[in-house]
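First the structure, in the form of structure tokens, and then the observations on it.
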Amino acid sequence: MIVKHGMNYLTVLNSARNHKLAPPLAVLRRQQFLIRVLGVRGDNRMQGSKFEADSDNILRAITPVFDPNRHKGQAGKVAVIGGCREYTGAPYFAAISALKIGADLSHVFCTKDAAPVIKSYSPELIVHPVLEESYSVGDRDKDHISRRVVAEVDKWMERFDCLVVGPGLGRDPFLLDCVSEIIKQARQSNVPIIIDGDGLFLVTNNLGLVSGYPLAILTPNVNEYKRLVQKVLNCEVNDQDSHGQLLSLAKQIGGVTVLRKGKCDLISDGEIVKSVSNHGSPRRCGGQGDILSGSVAVFLSWARQLILADEGNLIISPTNPTMLGCIAGSALLRKAASLAFEDRKRSTLTTDIIECLGRSLEDICPAC
């Protein structure tokens with residue numbers, strides 16, 4: 001029996017009965033997998049019909065063309081704040097994804113223990129071993145070292161188009177205190193901030209860090225979103241009104257943009273809600289959220305540049321650069337994950353998806 005695209009569950013079941021087959025367990029599992037995949041695609045089209053973003057056209061609109069007159073840095077300078085003894089992969093994934101999509105420069109601000117490891121992953125990244133954890137700081141030195149850490153990051157701040165806070169950050173109290181001050185400095189410098197991973201743990205416990213800042217983006221997964229909803233709205237997640245609840249959440253935090261990751265990514269800035277439901281990969285290897293945060297950082301930077309340069313004449317919807325960055329980043333990751341899974345199947349890793357980012361963007365908006 002052949003399962004064709006577009007066949008629903010009853011069609012597959014009746015076909016099996018008509019053939020009077022008793023397929024082995026492995027075949028049944030494959031059939032069940034195909035039914036789930038086809039079902040997800042159908043559900044996504046129905047769910048996203050009203051809110052679905054025009055992601056391909058947004059990607060084409062905000063991705064800059066190559067110009068020989070442009071110089072290094074004009075295609076984006078991104079910084080990742082994260083990386084500690086335990087977690088070195090996450091900041092690397094976020095930072096290298098930004099480069100693979102087309103950013104010119106990508107920095108990582110991490111702890112001294114994490115720096116040599118992250119440097120060894122790629123010579124393309126600019127790694128700053130300036131963050132400190134509690135175990136290496138005496139009580140009497142905390143204030144002095146905290147000021148030094150924040151000053152080291154702040155002297156670079158005006159060079160960045162976007163800051164990604166959280167990948168591989170960990171939850172060391174002293175480190176989180178320092179990062180809180182870095183977020184405040186970024187706000188003062190009007191630098192967009194994407195909060196992911198352990199950065200969401202920090203922000204959920206101190207919403208004032210991002211509240212009222214329209215250039216802040218939160219990218220929670222299912223558990224992080226649950227904690228945000230409980231903290232901000234004082235209720236449980238309501239999947240029956242997911243769009244309305246997300247709208248309320250973003251508005252209540254003060255107009256930040258929230259990208260709720262899931263089967264269908266939902267995005268809201270407190271004014272509108274958009275969805276991205278392109279089929280991605282059923283393989284949920286760790287690190288895809290880090291790719292997303294690095295991708296959103298680049299597209300947000302490009303969208304801001306385009307909107308500022310066009311002086312209000314840009315014909316695109318939505319017009320909020322944080323929304324555009326989230327839509328573009330989500331759509332590209334899903335396409336890259338789908339391509340990687342086609343090739344690698346069960347063995348798909350985050351690095352495989354990263355290698356498909358450039359090809360995925362090229363398919364939508366060719367460089368030449």
Side-chain angles (χ1 to χ4, degrees), residues 78-96 106-121 125-157 160 162-188 191 193-211 213 216-221 223-228 230-231 286-287 289-290 292-294 297 350:
V78 172
V80 177
I81 310 295
C84 61
R85 285 185 297 175
E86 291 86 359
Y87 308 115
T88 57
Y92 164 74
F93 292 148
I96 203 69
S106 195
H107 297 247
V108 177
F109 291 84
C110 60
T111 66
K112 294 176 180 178
D113 290 334
V117 182
I118 297 172
K119 282 178 179 285
S120 72
Y121 294 152
L125 305 179
I126 303 169
V127 181
H128 307 261
V130 300
L131 302 183
E132 299 277 2
E133 294 183 85
S134 299
Y135 75 90
S136 63
V137 180
D139 290 338
R140 291 182 296 180
D141 298 326
K142 283 186 176 180
D143 289 342
H144 166 70
I145 293 177
S146 177
R147 288 193 298 270
R148 187 186 70 196
V149 168
V150 175
E152 280 292 318
V153 179
D154 189 49
K155 72 182 184 183
W156 290 86
M157 193 70 71
F160 300 139
C162 191
L163 210 62
V164 180
V165 176
L169 187 63
R171 298 186 179 182
D172 178 78
F174 178 77
L175 180 53
L176 292 181
D177 287 343
C178 292
V179 172
S180 296
E181 295 303 315
I182 292 169
I183 292 174
K184 293 175 185 177
Q185 295 286 357
R187 289 190 63 163
Q188 290 180 9
V191 176
I193 310 168
I194 297 168
I195 308 292
D196 186 41
D198 289 316
L200 288 165
F201 171 80
L202 171 63
V203 164
T204 301
N205 292 314
N206 188 359
L207 289 167
L209 290 171
V210 295
S211 180
Y213 188 50
I217 295 174
L218 311 183
T219 60
N221 60 25
N223 291 319
E224 292 159 347
Y225 185 75
K226 179 180 179 180
R227 288 192 288 268
L228 266 176
Q230 290 172 339
K231 177 77 172 185
D290 305 310
L292 179 64
S293 60
T350 303

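For the numbers below, each heavy atom of this structure counts, side chains included, while hydrogens, waters and symmetry mates do not. Numbering starts at 1 and runs along the sequence shown.
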Main-chain N/O of Leu207 paired to Ser211 side chain as donor or acceptor, under 3.5 Å: no
Considering all heavy atoms, the nearest Cys110-Gly82 contact: CB-O, 3.3 Å
Rounded distance (nearest 0.5 Å) linking atom CZ of Arg171 with atom CD of Glu86: 12.0 Å
Minimum heavy-atom separation for Cys84 to Thr88, with atom names? O-CG2, 3.6 Å
Using only atom types and a distance under 3.5 Å, with no angle test, would you say the side chain of Arg187 pairs donor to acceptor with the backbone of Leu209? yes
Partners meeting ring-ring contact (aromatic ring centres under 6.0 Å, His included) with Phe201 (sequence neighbours left out): none
Please name the residue in the list Val150, Val149, Leu169, Val153 that meets the side chain to side chain contact (heavy atoms under 4.5 Å, CB included) test with Val179. Leu169
Nearest 0.5 Å please: distance from the CD1 atom of Ile118 over to the CD1 atom of Ile126. 13.5 Å
State which residues pass salt bridge (charged side-chain N to carboxylate O under 4.0 Å, His left out) with Lys142; sequence neighbours excluded, sorted by chain then number. Asp139
Atom pair CD (Glu152) and CZ (Arg148), whose distance is rounded to the nearest 0.5 Å: 7.5 Å
Would the number of heavy atoms belonging to other residues, nucleotides or ligands and lying under 6.0 Å from OH of Tyr87 be above 12? no
In sequence, state the C-alpha distance, the side-chain angles, and the governing distance for Ile183 and Val165, and then conclude on side-chain contact (heavy atoms from CB on, under 4.5 Å). CA-CA 8 Å; Ile183 292 174; Val165 176; 4.2 Å; yes
Given side-chain contact (heavy atoms from CB on, under 4.5 Å), test Lys119 with Leu125 step by step and report yes or no. CA-CA 7 Å; Lys119 282 178 179 285; Leu125 305 179; over 6 Å; no
Measure the CD-OG1 distance between Glu132 and Thr111 for me, rounded to the nearest 0.5 Å. 8.5 Å
Taking Thr219 for the side chain and Leu292 for the main chain, is one N or O donor matched with an acceptor at less than 3.5 Å? no
Using every non-hydrogen atom in the two residues, find where Ser134 and Phe174 come nearest and quote the distance to one decimal. OG-CB, 3.3 Å
Any idea which heavy atoms bring Leu176 and Gly170 closest together, and the distance? CD2-O, 3.7 Å
Please list, chain by chain and in numerical order, all residues satisfying salt bridge (charged side-chain N to carboxylate O under 4.0 Å, His left out) with Glu181, sequence neighbours excluded. Lys184
Before you tell me yes or no, could you show the steps for Arg85 and Tyr135 under side-chain contact (heavy atoms from CB on, under 4.5 Å), namely the whole-Å CA-CA distance, both residues' side-chain angles and the distance that decides it to 0.1 Å? CA-CA 11 Å; Arg85 285 185 297 175; Tyr135 75 90; 3.5 Å; yes
Is it the case that the side chain of Ser120 and the backbone of Val117 share a donor-acceptor pair, with hydrogens and angles ignored and the cut-off at 3.5 Å? yes
Please evaluate residues Leu218 and Leu228 with respect to the criterion side-chain contact (heavy atoms from CB on, under 4.5 Å), reporting the C-alpha separation (whole Å), side-chain torsions for both, the decisive distance (0.1 Å), and the verdict. CA-CA 10 Å; Leu218 311 183; Leu228 266 176; 4.1 Å; yes
Minimum heavy-atom distance Gly289-Asp196, with the two atoms named: O-OD2, 3.5 Å
Value rounded to 0.5 Å, distance of CG in Asp177 from CG in Asn206: 9.5 Å
CG/Leu175 to CD1/Ile81 distance, rounded to the nearest 0.5 angstrom? 10.0 Å
Restricting to non-hydrogen atoms, name the atom on Phe109 and the atom on Leu131 that form the minimum distance, rounded to 0.1 Å. O-CD1, 3.3 Å
